[in-house]
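Right, one structure below, let's go through it.
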Amino acid sequence: MNAIVVERLGGPDVLRLKEIPEPQPGPNEALVRTEAIGINYIDVYYRSGHYKAPHMPFVPGMEACGTIEAVGENVTALRPGQRVAYASALGSYAEFVAVPVAKLVVVPDGVSPRQAAALLLQGMTAHYLANSTFALKKGDVALVHAGAGGVGLLLTQLAKAKGATVITTVSTERKAELSRGAGADHVIKYTEADFAAEVGRITDGRGADVVYDSVGKTTYEKSIDSLRPRGMFVLFGASSGPVPPIDLQYLSGKGSLFATRPTLVHYTSTPDEIAWRAGDLFSMVESGTLRTLIEYEYPLAEAARAHADLESRKTVGKLLLLP
Ligand code: NDP
């Protein structure tokens with residue numbers, strides 16, 4: 001089969017198409033023929049070595065939608081021919097992938113393979129951030145960075161559905177339009193304006209209840225300055241680079257703040273939790289209350305170009321690879 005293989009860590013050019021043997025499903029696994037493969041920022045961290053892959057060489061990618069070709073021993077709940085999707089299992093940049101069935105969800109007919117691959121990883125992230133890490137309620141003010149990104153557009157829609165006031169940050173006017181289209185109440189161009197000062201102005205000096213910060217290095221200090229006393233700093237990514245160590249004492253002076261560094265795997269730790277989050281997302285897509293934005297699709301062979309585009313900050317919404 002064709003797959004993208006990383007033989008050495010580095011920039012986008014280390015993503016090379018190769019012919020490798022098709023995987024065999026082990027016990028409690030299903031072999032999935034991929035139809036749409038989700039690209040996520042975490043793929044950049046694995047490719048560059050910021051996150052460590054379990055072995056070298058490796059096939060990158062954590063997310064796909066496809067059809068079950070075969071199942072391994074002990075698998076009774078799923079069968080060949082079913083359309084499934086998953087997030088958080090390494091090896092999706094390939095025509096076939098063997099996935100633990102505990103990670104798979106059946107995709108309803110009303111959701112296309114592209115939508116499912118655009119939804120699961122970033123959507124379940126947005127879902128846990130808005131429902132579990134800081135359970136938003138009507139009237140809360142949430143600051144969401146990179147509002148036109150994959151997670152940003154979904155998180156904005158979920159936060160609005162919960163009745164929150166959403167302030168987003170973006171780098172360009174086109175991204176500002178898309179963020180407003182997703183429901184953002186206020187959009188700040190953080191490349192031009194001091195976003196902490198803007199949040200202060202918008203909230204009459206009170207500050208945001210929660211900041212969802214996936215940008216990291218270039219935003220964390222002002223994110224903390226954007227919070228109300230006893231607000232929550234949720235650091236969930238490092239698109240601009242990692243945040244240096246923070247002395248917990250710092251949070252006291254800034255207003256008895258809460259800080260957390262959540263990650264999807266701990267919020268999708270059981271099949272029930274995955275079914276809850278994915279089920280909510282699928283129903284919202286089917287009812288038209290949640291929209292995915294897919295403007296960037298690449299043939300599998302062009303994974304390197306896709307990564308270069310994602311890192312160059314020009315993309316919006318979801319990026320997909322098509323096998
Ligand atoms: P995005 O589509 O959001 O792309 C990244 C965006 O970050 C860019 O488009 C850009 O938006 C912004 N950005 C700001 N500074 C930089 C920079 N220096 N270089 C590159 N981008 C920058 O990606 P994803 O939706 O895939 O992921 C968003 C973030 O969420 C990532 O950090 C990812 O690691 C994290 N994440 C965390 C999870 C978790 O459970 N902890 C799960 C899923 C994602 P703009 O131009 O508007 O500034």
Side-chain angles (χ1 to χ4, degrees), residues 11-12 37-48 50-51 60-63 87-88 92 117-134 143-158 167-180 182 184 187-193 195 211-220 222-223 233-243 259-269 273-274 277 281 292-296 306-321:
I37 300 160
I39 296 176
N40 294 284
Y41 226 92
I42 192 170
D43 306 344
V44 172
Y45 306 147
Y46 274 108
R47 189 208 70 215
S48 60
H50 178 54
Y51 285 3
M62 305 295 281
E63 175 181 45
S88 303
S92 66
L119 201 58
L120 265 210
L121 198 150
Q122 294 170 343
M124 290 200 294
T125 300
H127 191 278
Y128 87 69
L129 291 171
N131 288 284
S132 307
T133 306
F134 185 96
L143 174 62
V144 176
H145 288 309
V151 176
L153 286 170
L154 294 168
L155 180 54
T156 301
Q157 294 175 77
L158 295 188
I167 306 171
T168 63
T169 58
V170 298
S171 65
T172 66
E173 191 46 46
R174 166 101 212 286
K175 290 185 176 192
E177 273 167 36
L178 289 169
S179 180
R180 274 184 216 107
V187 182
I188 304 167
K189 271 205 219 154
Y190 56 178
T191 38
E192 293 169 11
F195 70 82
V211 180
Y212 296 112
D213 188 339
S214 64
V215 173
K217 187 175 172 184
T218 57
T219 47
Y220 76 98
K222 284 194 188 296
S223 291
F233 173 54
V234 180
L235 178 71
F236 72 100
S239 301
S240 69
V243 167
T260 181
R261 194 348 182 154
T263 195
L264 178 62
V265 71
H266 302 125
Y267 285 89
T268 47
S269 55
E273 198 169 31
I274 295 172
R277 300 196 193 283
L281 295 164
T292 53
L293 177 70
I294 306 168
E295 280 191 8
Y296 289 83
H307 273 219
D309 287 350
L310 180 62
E311 286 176 271
S312 75
R313 219 173 155 169
K314 72 179 190 194
T315 64
V316 293
K318 187 67 181 179
L319 286 72
L320 293 179
L321 288 175

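Read the numbers this way: they start at 1 and go in the same order the structure lists the ligands and their atoms. From a predicted model like this one, the values you see are computed outputs, not experimental measurements.
The structure places OG1 of Thr268 at 6.5 Å from CD of Glu273, a figure rounded to the nearest 0.5 Å.
The closest side-chain donor-acceptor pair between Ser171 and Tyr190, if any, does not fall under 3.5 angstrom.
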Cut-off 3.5 Å, no hydrogens considered: what does the side-chain donor-acceptor table look like for residues 147-155, sequence neighbours left out?
none

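Here Arg174 pairs with Glu295 under the salt bridge (charged side-chain N to carboxylate O under 4.0 Å, His left out) rule; sequence neighbours left out. For Glu177, the side-chain hydrogen bond (donor to acceptor under 3.5 Å, both in side chains) criterion is met by no residue, not counting sequence neighbours.
When side chains are defined from C-beta on, Tyr41 counts as touching Leu310, because their heavy atoms get closer than 4.5 Å.
In this structure, ligand 1 sits under 4.0 Å from heavy atoms belonging to Asn40, Tyr41, Tyr45, Leu121, Gln122, Thr125, Tyr128, Ala146, Gly149, Gly150, Val151, Val170, Ser171, Lys175, Tyr190, Ser214, Val215, Phe236, Gly237, Ala238, Ser239, Ser240, Arg261, Pro262, Thr263, Leu264, Leu310, Glu311, Arg313, Thr315.
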